[in-house]
Every structure is written in C-alpha cells, then in structure tokens.
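Any value given below was found using the heavy atoms of this structure, including those in side chains, with hydrogens, waters and symmetry copies removed.
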Amino acid sequence: MDDIEVPKYFLCPISLQITKDPVTATTGITYDRESIEQWLLTYKNTSCPVTQQPLPPESDLTPNHTLRRLIQSWCTENASLGVDRIPTPKPSLDKSHFFKLIKQLQQPGSNIKALQKLDFLAAKNERNRKFMVETGVPKALLSFIVNCFEEISNQGLAEALRVLVFIRIPLAEAKIFLQEYNDQIIKSLIWVLGCEFKPQVMVKSHAVLALKTMIQAASSGFLERLEPPFFEMITGVLKQTTTVSQQGMNAALHALLIACPWGRNRLMMVESGAVSALIELELGIPEKRTTELILGILFHLCCCADGRAEFLSHKGGLAVVTKRIMKVSPTADDRAVFILSLISKFVATNPVLEEMVEVGTVTKLCMLLQVDSTAPYLKSKAMGILRSHTDEWRKFPCIDKTFHKIKIYRI
C-alpha cells in the first residue's frame with residue numbers, strides 16, 4: 001500500500017487520507033464527510049479549509065457519488081496490492097430517526113434498546129449529537145432518569161448518563177426542565193450517586209457532570225432551597241476520591257462553588273464535613289483547576305464562624321493554604337490571601353497567630369509583597385494582615401527582621 005501512488009483528488013484535503021464518504025461543500029470543494037463535519041461542528045470553524053470562504057455549520061454537504069464510485073473502482077483494481085475496498089456509506093440519519101428513538105425511550109418495552117442506539121449514535125459523530133440536541137433527546141433522557149428514581153430502578157441509567165455527557169445538556173434546556181420538574185432531577189441525580197454500578201467511576205462521574213450542569217442552570221430561588229442530602233452526597237464524593245474521575249471531581253467542586261453565596265448553603269456544607277474534606281483533597285496536591293475550586297469554596301465557608309472553626313480545627317488547614325500561595329496561579333493566590341484575611345480578622349487568637357508563624361504564613365505574605373507581579377489589591381490585603389498583628393509577630397526575631405526590611409509598621 002505504501003508504494004502505491006494514490007490519485008490526489010481521492011484524498012480529503014483535511015485528513016489527507018483516501019476519502020471514504022465524499023461530500024461537496026457549497027464552496028465546491030470535496031471532503032470526507034467525517035472530517036468536514038468535525039471541522040464545522042466540533043472545532044466550530046466557519047470557513048472552508050481550502051478556499052477560506054465562509055462556510056457556516058448549517059451548510060449543505062452534497063454526497064459526491066461520482067467520486068465515490070471512482071475511488072471504489074480504483075480500490076477494487078488495486079486490491080491485489082493490499083488496498084482495502086471502501087464500502088458504500090450508509091445514508092445519513094435525519095432528525096426523524098431521533099424523534100422515533102425518543103418515542104421508543106418513553107415505552108417500557110423498548111426504552112433500553114432505544115438507549116443503546118442513542119449511546120452508539122452519540123459516540124459516532126458530532127452530527128448525530130447535534131441532531132439529538134435539536135430533537136429534544138436531553139430532556140427525554142433527564143425524564144428517563146427521574147422515572148428511574150421514582151421506580152427505584154437503575155436499568156439503563158449508565159447509558160442515559162453517558163449519552164447526556166456526550167451531547168452536553170444545553171443550559172437553556174436545563175433551565176426549562178428545572179421549571180417543569182422542580183427539584184426532582186436534582187434528587188434523582190443525588191440518588192444515582194448513592195447507587196452501586198459497574199463500572200462505578202464512569203457512571204458516578206457522568207452523574208456529577210449532569211448535576212453540575214443542572215446547578216449551573218438553576219435560578220437563585222432554586223439554589224436557596226437546596227437540601228442537606230445534596231451537600232452530604234457531594235461531600236461524600238470529595239471524601240471518596242476513587243469513586244469519580246478527575247473531571248467528575250472538578251464538577252462536584254464546581255457545583256458546591258455555585259451554591260456557596262447563600263449563607264444557609266454554607267452552613268449545610270460545613271455540617272456535612274465539607275471543610276475537612278476539601279483540606280484533605282488539597283493535601284493530595286491536585287491539579288491547578290482543582291486547587292482553585294477548593295480554595296474558592298474554602299473562602300466562602302470561612303465567611304461564616306462555623307466554617308472558620310472547622311478550618312482551624314484541621315491541623316493542615318493553615319499550612320496547605322499558605323503553601324499554595326505563589327505556587328499555583330493568581331486566582332489561587334487571591335483566594336488563599338482572602339482566606340487568611342478572614343482568619344486574621346475574626347479568629348486571631350495567640351495560638352492561631354503562632355501557628356501562622358510556624359507554618360510560614362507570615363513569611364509567605366512578606367514574600368508576596370516583594371513580588372512585582374502581585375496585583376496591587378492583593379498586596380494591600382496582605383499588608384493589612386501583617387499590620388493588624390505586628391506587635392504579636394514582632395516577638396519572633398526572624399519575623400521582626402523581615403518586618404524592618406520591608407517596612408511593615410502597625411497602623
């Protein structure tokens with residue numbers, strides 16, 4: 001095969017491979033269907049790769065039967081040289097096919113087969129996933145999950161959740177679903193997290209991803225009414241890190257962060273053990289985005305007295321937050337310094353101030369002041385922490401010298 005010269009017009013301009021399903025775009029250039037659909041739908045490009053002329057995602061792609069027959073004929077003639085014959089492509093599915101599958105999904109006798117078909121088609125290409133969204137498959141799948149919850153049946157849940165992750169629930173559709181079903185989908189997804197599956201990691205990760213999307217779409221009034229089981233189950237996910245993927249873990253953290261602005265929610269998080277779980281998770285030195293989410297949630301939880309008490313009761317709390325300053329990202333620096341500011345302002349007992357010296361908090365804040373790239377507002381916040389406890393910290397010789405060097409005096 002390597003020694004055979006393939007006619008240039010048989011090759012897709014994108015993949016540079018023999019075209020299996022040639023289609024011609026409105027610009028007159030022929031591509032392999034899979035390559036051009038990926039170009040338009042997955043990568044969201046809006047121009048023809050060859051001519052650079054406008055080519056919207058909704059552009060018609062006309063099958064080039066003449067070229068396909070020529071390619072098939074050439075493959076047959078060169079079969080003895082190791083060239084595989086390219087089969088005639090099956091007709092592309094249209095929206096009516098997905099409407100039929102939605103009807104089957106709503107019927108007890110055919111819903112599992114419909115789910116399996118949707119699972120296969122969603123994994124196949126972006127075009128199918130686009131049609132699924134346009135025909136209302138996300139809503140149908142969410143309804144199926146709610147029905148499973150109401151009937152206490154986990155049959156088909158794995159497929160339903162996998163398809164939802166493949167096609168990504170549009171926020172607009174999620175909002176409408178929440179209005180129609182109130183909190184039933186949240187309760188259903190929380191229930192899924194408490195079920196046992198094989199493989200468990202994949203199913204629970206998909207459930208958390210779906211849950212995050214629904215929380216993102218929820219109104220303020222809805223988020224104010226979240227109940228303890230929601231926070232208990234999400235905290236349980238944080239504690240059992242082997243039950244979800246890294247993507248699932250970040251989704252769980254994101255869901256908590258969205259719910260943080262309401263004091264009632266913060267209290268329920270603290271009561272569920274979230275503070276300790278977050279600190280333990282951070283002690284495992286997670287990836288950058290995970291750290292940013294953890295510190296963001298800890299900041300909100302430290303805004304309440306119970307949260308600060310839980311934070312300080314963990315021996316690694318101050319140490320791990322201090323260690324992350326100037327090690328992760330400007331976002332992490334911001335959240336870490338604001339956490340320390342809350343501790344400094346509301347619970348600066350002598351033991352706490354001594355611990356801040358022992359774990360290097362004071363030294364790290366001094367270092368932050370000397371870095372040119374530190375944002376002015378963050379330098380001001382760090383300076384405020386240092387000045388507010390100058391007298392106590394000057395009792396430590398090493399700190400006193402540092403304070404003199406960078407001119408920190410009590411105000």
Side-chain angles (χ1 to χ4, degrees), residues 41-42 44 98 102 105 115 118-119 122-123 126 128-149 154 156-195 197 201-227 229-231 233-238 243-262 265 269 289-290 292-293 296-297:
L41 301 176
T42 304
K44 309 298 182 185
F98 295 101
I102 289 174
L105 184 61
L115 279 170
L118 288 168
D119 191 13
E126 185 66 29
N128 288 345
R129 294 191 284 272
K130 176 174 174 289
F131 280 170
M132 286 183 186
V133 171
E134 292 174 353
T135 54
V137 170
K139 180 180 178 180
L141 291 172
L142 290 170
S143 298
F144 176 83
I145 293 170
V146 171
N147 288 336
C148 286
F149 165 61
N154 63 9
L157 276 175
E159 290 86 353
L161 288 165
R162 184 162 54 242
V163 176
L164 279 175
V165 171
F166 263 130
I167 62 180
R168 296 178 295 275
I169 310 168
L171 283 179
E173 194 159 336
K175 288 179 180 179
I176 294 172
F177 193 88
L178 284 170
Q179 290 171 359
E180 293 180 5
Y181 283 78
N182 203 356
D183 62 349
Q184 281 300 93
I185 185 59
I186 302 297
K187 289 180 178 179
S188 301
L189 291 169
I190 288 298
W191 167 74
V192 172
L193 290 175
C195 295
F197 295 94
V201 172
M202 182 184 70
V203 178
K204 294 199 173 184
S205 296
H206 291 168
V208 176
L209 287 164
L211 187 60
K212 183 202 77 170
T213 300
M214 302 310 295
I215 292 297
Q216 280 181 306
S219 66
S220 297
F222 185 96
L223 293 173
E224 284 180 319
R225 297 192 303 274
L226 289 172
E227 298 177 354
F230 171 83
F231 299 103
M233 192 58 72
I234 296 295
T235 299
V237 169
L238 302 184
T243 61
V244 294
S245 64
Q246 181 63 58
Q247 187 182 19
M249 184 63 69
N250 283 357
L253 291 167
H254 201 153
L256 284 182
L257 186 60
I258 292 170
C260 274
W262 292 269
N265 291 346
M269 286 186 212
R289 181 54 182 156
T290 306
E292 291 174 346
L293 289 167
I297 299 167

Pair Leu189-Met214, side chain to side chain contact (heavy atoms under 4.5 Å, CB included): steps then yes or no: CA-CA 10 Å; Leu189 291 169; Met214 302 310 295; 4.2 Å; yes
Donor-acceptor under 3.5 Å (Lys204 side chain, Cys195 main chain): yes
Beyond-backbone contact of Asn250 with Leu293, side-chain heavy atoms, under 4.5 angstrom: yes
Heavy-atom closest contact (Glu224 atom, Asn265 atom, distance): O-OD1, 4.5 Å
Residues Leu142, Tyr181; criterion side chain to side chain contact (heavy atoms under 4.5 Å, CB included); working and verdict: CA-CA 10 Å; Leu142 290 170; Tyr181 283 78; over 6 Å; no
Side-chain (Arg129) to main-chain (Ala122) donor-acceptor, under 3.5 angstrom: yes
Straight-line distance of Ser143 OG to Gln184 CD, nearest 0.5 Å: 11.5 Å
Minimum heavy-atom distance Arg168-Val133, with the two atoms named: O-CG2, 4.4 Å
Solution key, residues 251-260 side-chain donor-acceptor pairs under 3.5 Å, sequence neighbours excluded:
none

Euclidean distance, Met233 CE relative to Leu211 CG, rounded to 0.5 Å: 10.5 Å
Shortest non-hydrogen contact between Cys148 and Trp191, atoms and distance: O-CH2, 3.6 Å
Ala160 versus Ile145, closest heavy-atom pair with distance: CB-CG1, 4.3 Å
Flag side-chain contact, heavy atom, 4.5 Å: Ile185 against Phe149: no
Point-to-point distance, once rounded to the nearest 0.5 Å, from CG of Asn182 to CZ of Phe177: 11.0 Å
Pair Gln247-Ser205, side-chain donor/acceptor within less than 3.5 Å: no
Charged N-O contact under 4.0 Å between Lys130 and Glu134: yes
Stepwise side chain to side chain contact (heavy atoms under 4.5 Å, CB included) test for Leu115 and Leu141: CA-CA 9 Å; Leu115 279 170; Leu141 291 172; 3.5 Å; yes
Any side-chain heavy-atom pair of Leu226 and Trp262 under 4.5 Å: no
Interatomic distance, Leu171 atom CG to Ile176 atom CD1 [nearest 0.5 angstrom]: 11.5 Å
Nearest heavy-atom neighbours spanning Val208 and Gly248: CG1-O, 3.2 Å
Heavy-atom side-chain contact between Val137 and Phe131 under 4.5 Å: no
Point-to-point distance, once rounded to the nearest 0.5 Å, from CZ of Arg162 to CE of Met202: 4.5 Å
Minimum heavy-atom distance between Ala217 and Lys175, given as atom pair plus value: O-CG, 3.1 Å
Phe230 side chain near Ile215 side chain, heavy-atom distance below 4.5 Å: yes
Pairwise side-chain contact, Val203 with Asn154, heavy-atom cut-off 4.5 Å (strictly under): no
Any Glu159 side-chain heavy atom under 4.5 Å of Leu118 side chain: no
Test item: Phe197 and Leu157 side chains (from C-beta on) under 4.5 Å apart, heavy atoms: yes
